[in-house]
Amino acid sequence: MHISIPITQDLVDNLGGRYVLYSVYLEGFLLFKVRYKDLHFWNEQMYDIFGKRLPKFPPKYYLAMTESMAEERRVTLEQYLQGVVSDSVISGSDVFITGLKKFQLETFKLPCIKVVLKVYLPDGRQVNVDSKTSDSAERVLEAALYTLNVSRELVEYFGLFITHKDSEGAYSVVKKIAPFEIPFITIWHINDDSYQIDIRKWYTTPTTDAMLMGCGGAIDLLYAQAVQELEMNWSRPTEQQTEMLKELIKAENKVKFLETMQQVEHYSYQKLNPGVTDYPNCNTVATVSMGNNEMYCSLQTSDNRTEIISVHVSKMTRCHVPLHQPEKTMDQQECKLCLIDGQVPKFISILTKQQPENTMDQQECKLCFIDGQVPKLISIRTKQAFLLSKWIKKMLSEQPLPCVKENLEIQDNITSSNILSRNPKKS
């Protein structure tokens, strides 16, 4: 998860006292706005339980802050919150969730009341979840899956996602909602009917399907998503497989359909919106798909040449999304990837289409990986930079060898210039 504090406001309270209001973003979406004193109190509450497990909290200043002191506090708070949300024990605790709910409800000026939250399935079906404006994504997901007769033991294999359909019906996944987030606030703040909350599977290895085949409700969800991705050409069956799958859909043989999909190229891959990269030359169109331990990037150059980059997740050594880029315009995001080709490091930057105005735009994701013996660096500018980073980390978490996961360096709080000045071989 990526926390940033890109915006601060110098304000005056009712008594004439001056204070700074910090706007905290989670993966490009405004999470809450908060004063230092409220974060300090929240930290003290968590420290009583977790002690030194907590990251270092920035100290109080009893005199007026200089500009450099104010910036140092902003950066330190950003690093503190990044550390807190990255620790599943802390971010799953009652004291964390209670404080987070308070900040969010106060930021968006919402009362804690009962609501019916609309959650959608990949085939368009709608599930009405009886919830509250303060219910976490974890609670909403559990309630929705219960309605769909999915076993409680299988909840971890699914997640809530913000998805979007444009005016031409093109579908894209915008972000995964974190377990501690409040889905009602996230979708309410977007305030656009072309966005919705979907239930989708939350794993990248196709063979994991076998773990869910004993549950009828889970089979229905997997089948609905597989059919949707087949229709969107995210998966790539042969002509013979296509005919077989059509017959299985007609016969509503869901189990056999899912078994057949296991043999289909790019089954269960997550596909990003097409973007633009500067590799191998300017104005190259890039389409990135991720799944089955692979990042697959199709590059279409301005002279109509096609180049494919396919990287196994075990070869990835660094994933970085710079979080504070105030000098850039708010219309695109960039993701940078690092790899190795022969003895020459390469750098790719991909730009993709803008999403809703309330998200953080112009982000970049830098990915470093090894090709042969040479490090490569690809930079992708995309609104889906955080999603790309999240899927890569999810693929790594599913690897059987712990050493593979440890190889990935997630750098959330350094500048773009810092990462480019480093030798990719040292990642």
>> Let me confirm one number: the CZ-OG1 distance from R236 to T242, rounded to the nearest 0.5 Å.
In response: 12.0 Å

>> To the nearest 0.5 Å, what is the distance between CZ on R200 and CG on L160?
In response: 12.0 Å

>> Applying side chain to side chain donor-acceptor pair (under 3.5 Å) to S136 and E138, what does each step give before you reach the verdict?
In response: CA-CA 5 Å; S136 68; E138 183 176 34; 4.8 Å; no

>> Quick check against the 3.5 Å criterion: does E307 have a side-chain atom that pairs as donor or acceptor with the backbone of L299?
In response: no

>> Can you see whether Q82 engages S86 through a side-chain donor-acceptor pair at a distance of less than 3.5 angstrom?
In response: yes

>> If the test is ring-ring contact (aromatic ring centres under 6.0 Å, His included), which one of Y80, F41, F57 qualifies with Y36?
In response: F57

> How close do E153 and E156 get, heavy atom to heavy atom, and via which atoms?
Replying inline: O-OE2, 4.0 Å

> With a cut-off of 6.0 Å (strictly less than), are more than 12 heavy atoms of other residues, nucleotides or ligands near CD of Q126?
Replying inline: yes

> Under the side-chain contact (heavy atoms from CB on, under 4.5 Å) criterion, do E106 and K33 qualify, and how do the steps go?
Replying inline: CA-CA 8 Å; E106 290 176 351; K33 297 182 179 181; over 6 Å; no

> Donor-acceptor pair, Q104 side chain versus I185 backbone, under 3.5 Å?
Replying inline: no

> Can you tell me how far CE of M395 sits from CD of Q270, rounded to the nearest 0.5 angstrom?
Replying inline: 10.0 Å

>> Could you check whether any side-chain heavy atom of Q399 comes within less than 4.5 Å of a side-chain heavy atom of H312, counting everything from C-beta outward?
In response: yes

> Do the non-hydrogen side-chain atoms of F257 and L222 ever get within less than 4.5 Å of each other?
Replying inline: no

>> Show, in sequence, the C-alpha distance, side-chain angles and deciding distance for D130 and K114, and conclude whether the salt bridge (charged side-chain N to carboxylate O under 4.0 Å, His left out) test is met.
In response: CA-CA 7 Å; D130 293 325; K114 292 182 178 180; over 6 Å; no

> What's the spacing between I190 CD1 and I162 CD1 if we round to 0.5 Å?
Replying inline: 4.5 Å

> Taking all non-hydrogen atoms of both residues, which atom of A178 and which atom of A137 are closest, and how far apart?
Replying inline: O-CB, 3.2 Å

> How long is the span from the CG atom in L81 to the OH atom in Y22, to the nearest 0.5 Å?
Replying inline: 11.0 Å

> Is any side-chain heavy atom of L148 less than 4.5 Å from a side-chain heavy atom of I199?
Replying inline: yes

>> Strictly distance-based, threshold 3.5 Å: is any side-chain N or O of T133 a donor or acceptor partner for the main-chain N or O of P111?
In response: yes

>> More than 12 heavy atoms of other residues, nucleotides or ligands under 6.0 Å from CE of M232: yes or no?
In response: yes

>> Show the nearest heavy-atom pair for residues A218 and L154, with the distance to one decimal.
In response: CB-CD1, 4.1 Å

> Taking 4.0 angstrom as the limit, do E181 and K175 come out as a salt bridge?
Replying inline: yes

> Are the side chain of S389 and the backbone of A385 linked by a donor-acceptor contact shorter than 3.5 Å?
Replying inline: no

> In this structure, are over 12 heavy atoms from other groups packed under 6.0 Å from E44 atom CD?
Replying inline: yes

> Are side-chain heavy atoms of L110 and F184 found at a separation under 4.5 Å?
Replying inline: yes

> Yes or no on side-chain contact (heavy atoms from CB on, under 4.5 Å) for Y157 and V150, after CA distance, side-chain angles and deciding distance?
Replying inline: CA-CA 11 Å; Y157 295 101; V150 176; over 6 Å; no

>> Under the criterion side-chain contact (heavy atoms from CB on, under 4.5 Å), I'd like the reasoning laid out for M290 against L272: C-alpha separation, chi angles, the key distance, then a yes or no.
In response: CA-CA 9 Å; M290 296 160 293; L272 301 187; 4.0 Å; yes

> Does atom OH of Y146 have more than 12 heavy-atom neighbours, drawn from other residues, nucleotides or ligands, at distances under 6.0 Å?
Replying inline: no

>> Looking at K132, is its backbone amide N or carbonyl O close enough to the side chain of D135 to form a donor-acceptor pair, meaning the two atoms are under 3.5 Å apart?
In response: yes

>> Assess, by modelled atom type and distance only, whether the side chains of D209 and Y203 contain a donor and an acceptor separated by less than 3.5 Å.
In response: yes

>> Exactly one of F108, F103, F180, Y25 should register a ring-ring contact (aromatic ring centres under 6.0 Å, His included) with F32. Which one does?
In response: F103

> Rounded to the nearest 0.5 Å, what separation is found between the CE atom of M261 and the CE atom of M244?
Replying inline: 12.5 Å

>> Can a donor-acceptor pair be found, under 3.5 Å and without considering hydrogens, that links the side chain of R73 to the backbone of P59?
In response: yes

>> Using modelled atom types and a 3.5 Å cut-off, is there a donor and acceptor pairing between side-chain atoms of T205 and backbone atoms of T208?
In response: no

>> Could you check whether atom CG of D94 has more than 12 heavy atoms from other residues, nucleotides or ligands sitting under 6.0 Å from it?
In response: no

> Can you find a heavy atom in the side chain of L31 that is under 4.5 Å from one in the side chain of T107?
Replying inline: no

>> Applying side-chain contact (heavy atoms from CB on, under 4.5 Å) to S268 and K201, what does each step give before you reach the verdict?
In response: CA-CA 9 Å; S268 201; K201 65 183 182 183; 3.1 Å; yes

> Does the side chain of L26 reach to within under 4.5 Å of the side chain of F386, using non-hydrogen atoms?
Replying inline: no

>> Within the structure provided, determine whether L258 and M213 are in side-chain contact (heavy-atom separation under 4.5 Å).
In response: yes

>> Can a donor-acceptor pair be found, under 3.5 Å and without considering hydrogens, that links the side chain of N292 to the backbone of E294?
In response: no

> Does E142 reach the main-chain N or O of R152 with its side chain, forming a donor-acceptor pair under 3.5 Å?
Replying inline: no

> Taking all atoms of both residues into account, what is the closest heavy-atom pair of L105 and S134, and its distance?
Replying inline: CD1-CB, 4.0 Å

> Considering all heavy atoms of both residues, which atom of M46 and which atom of I90 are nearest to each other, and what is their separation?
Replying inline: SD-CG2, 4.0 Å

>> Does atom CG (D193) have a neighbourhood of more than 12 heavy atoms from anything else shown, all under 6.0 Å?
In response: no

> Of the non-hydrogen atoms in K271 and S289, which two are nearest, and what is the gap between them?
Replying inline: CG-OG, 3.5 Å

>> Do K37 and Y19 form a cation-pi contact, if we require the NZ or CZ to be under 6.0 Å from the six-membered ring centre and within 45 degrees of the ring's axis?
In response: no

> Between W234 (side chain) and A226 (backbone), is there a donor-acceptor pair under 3.5 Å?
Replying inline: no

> Is there side-chain contact between I97 and R139, with at least one heavy-atom pair below 4.5 Å?
Replying inline: no

>> Can you confirm whether more than 12 heavy atoms, excluding those of Q9, are under 6.0 Å from its CD atom?
In response: yes

